[in-house]
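Values below: every heavy atom of this structure, side chains too, minus hydrogens, waters and symmetry copies. The chains referred to below are lettered A, B, ... by the order of the sequence lines, with proteins before strands, and numbering in each begins at 1.
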Amino acid sequence: MLHSWTLTPDEAVALQTELAGRVALAPLGPVRTVAGCDIAYDTFAPILHAAVVVVRLPDLIEVERAVVRADAAFPYVPGLLSFRECPALLSAITTLRTQPDVFMVDGQGIAHPRRFGLACHLGLWLDRPVVGCAKTWLVGDHAEVGPTAGDTTPLTLGGETVGAVVRTADEVRPCFVSPGHLCDVDSAVGLVRRVLSGFRHPVPTRLAHMAANEARRGEAASGYADTT
DNA sequence: GCGACAG
DNA sequence: ATCTTGTCGC
């Protein structure tokens, strides 16, 4: 165990500052498989569905997937997202029979107030490479990014480049890419650019998002059937 | 004090 | 994230 998941928001903040020092940034090695991870929240119950879908490169064909239902024990607090989503993602990842070369999550990596976003936290627990690809800005400065799919512009924070703003498809709002662990900015951006398919979301997280949603809807349907 | 704030 | 159908546009 890296640490306990039972803590207060204040303790979580302190833990992030401590763990940020353990994040390692280095070029990503050869990538044959990428595991997209995402979560769907239940409408009223504090329940969530974590999904992980593994695709192979370069054809982006799905090779395996895992979905798990879990309790949302930690509240959503900007800057502390990993404490809410990591436990469920970890249990889903544990059920995989194959070890992906790299993971990709819906959230920030080091482009974070304390340089410890969801991608970093998951990376430390797994001791595996993780790339963060968030749909909206959290921190950092950047110039306007080009309009064509694949265009990028640096995302800086405190004078250093922590990631990049990436146009993942033509005519769509850009995504914010930053390394989480065991990879660097160039590797993270390079990987994201290799898993695009004309949609705003990269294929791995796009499929995970759909899988998590299907799981959520499926459970809602069974619940109604029970009442009826 | 004021504004910002991943999913 | 989630509540929500159709609709305007390429």
Short N/O separations, protein against nucleotides 2-4 of chain C, under 3.5 angstrom:
unit_1 : atom_1 : unit_2    : atom_2 : d
dT2(C) : OP1    : Tyr41(A)  : N      : 3.4
dT2(C) : OP1    : Arg216(A) : NE     : 3.4
dC3(C) : OP1    : Thr43(A)  : OG1    : 3.1

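For residues 46-61 of chain A, the salt bridge (Lys or Arg N to Asp or Glu O under 4.0 Å) pairs, not counting sequence neighbours, are Arg56(A)-Asp59(A). Applying the side-chain hydrogen bond (donor to acceptor under 3.5 Å, both in side chains) test to residues at least two apart or on different chains, none of the pairs has a partner in residues 190-205 of chain A. For the side-chain hydrogen bond (donor to acceptor under 3.5 Å, both in side chains) condition, the pairs that include at least one residue of residues 95-124 of chain A, sequence neighbours left out, are His3(A)-His121(A), Gln16(A)-Arg114(A), Glu64(A)-Thr98(A), Ser82(A)-His121(A), Asp106(A)-Lys135(A), Arg115(A)-Glu160(A).
Considering only residues two or more places apart in sequence or on other chains, Thr6(A) meets the side chain to side chain contact (heavy atoms under 4.5 Å, CB included) condition with Ser4(A). Residues satisfying the side chain to side chain contact (heavy atoms under 4.5 Å, CB included) criterion with Pro147(A), sequence neighbours excluded, are Asp151(A). Taking the side chain to side chain contact (heavy atoms under 4.5 Å, CB included) definition, one finds that Ala14(A) meets it with nothing, sequence neighbours left out.
Rounding to the nearest 0.5 angstrom, the gap separating the CZ atom in Phe116(A) from the CG atom in Leu124(A) is 4.5 Å. Of the inter-residue distances, the one linking Glu85(A) atom CD with Leu90(A) atom CG reads 11.5 Å to the nearest 0.5 angstrom.
Secondary structure note: stems in DNA chain B built from 3 or more consecutive Watson-Crick or G-U wobble pairs under 3.5 Å do not occur. For DNA chain C, no stem formed by at least three consecutive Watson-Crick or G-U pairs, with both atom-pair distances below 3.5 Å, is detected.
Residues Arg173(A) and Trp137(A) are not in side-chain contact: their nearest non-hydrogen atoms beyond the backbone lie 4.5 Å or more apart. Residues Met104(A) and Leu191(A) meet the side-chain proximity criterion, which asks for heavy atoms closer than 4.5 Å.
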Item to complete: Apply the test side-chain contact (heavy atoms from CB on, under 4.5 Å) to residues Leu96(A) and Val52(A): give CA-CA distance (whole Å), side-chain angles for both, the deciding distance (0.1 Å), then the verdict.
Response: CA-CA 9 Å; Leu96(A) 292 177; Val52(A) 51; 4.0 Å; yes
Worksheet item: How far apart are the C-alpha atoms of Thr148(A) and Asp170(A), what are their side-chain angles, what is the distance that settles it, and do they pass the side-chain contact (heavy atoms from CB on, under 4.5 Å) test?
Response: CA-CA 5 Å; Thr148(A) 307; Asp170(A) 298 328; 3.6 Å; yes
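The pair Glu219(A)-Arg216(A) does not count as a salt bridge, with every side-chain nitrogen at least 4.0 angstrom from each carboxylate oxygen.
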Worksheet item: Which letter, B, S or -, goes with each nucleotide of nucleotides 1-6 of chain B from 5' to 3', with contact meaning a protein heavy atom under 4.0 Å?
Response: ---SBB
Item to complete: For nucleotides 5-10 of chain C, just jot down a letter per nucleotide in 5' to 3' order: B, S or -, based on protein non-hydrogen atoms under 4.0 Å.
Response: ------
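For Arg217(A) and dA1(C), the CZ to P distance is 13 Å, given to the nearest whole Å. Spacing between atom CG of Leu122(A) and atom P of dG7(B) amounts to 16 Å, rounded to whole angstrom units.
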Taking only distance into account, with no hydrogens and no angle test, what donor-acceptor pairs under 3.5 Å do side-chain atoms of residues 174-190 of chain A form with protein atoms, sequence neighbours excluded?
unit_1    : atom_1 : unit_2    : atom_2 : d
Ser178(A) : OG     : Gly109(A) : N      : 2.6
His181(A) : ND1    : Ala24(A)  : N      : 3.0
Asp184(A) : OD1    : Asp186(A) : N      : 3.4
Asp184(A) : OD1    : Ser187(A) : N      : 2.7
Asp184(A) : OD1    : Ser187(A) : OG     : 2.7
Ser187(A) : OG     : Leu28(A)  : N      : 2.9

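Ring geometry for Phe74(A) versus Phe83(A): interplanar angle of 30 to 60°, hence tilted.
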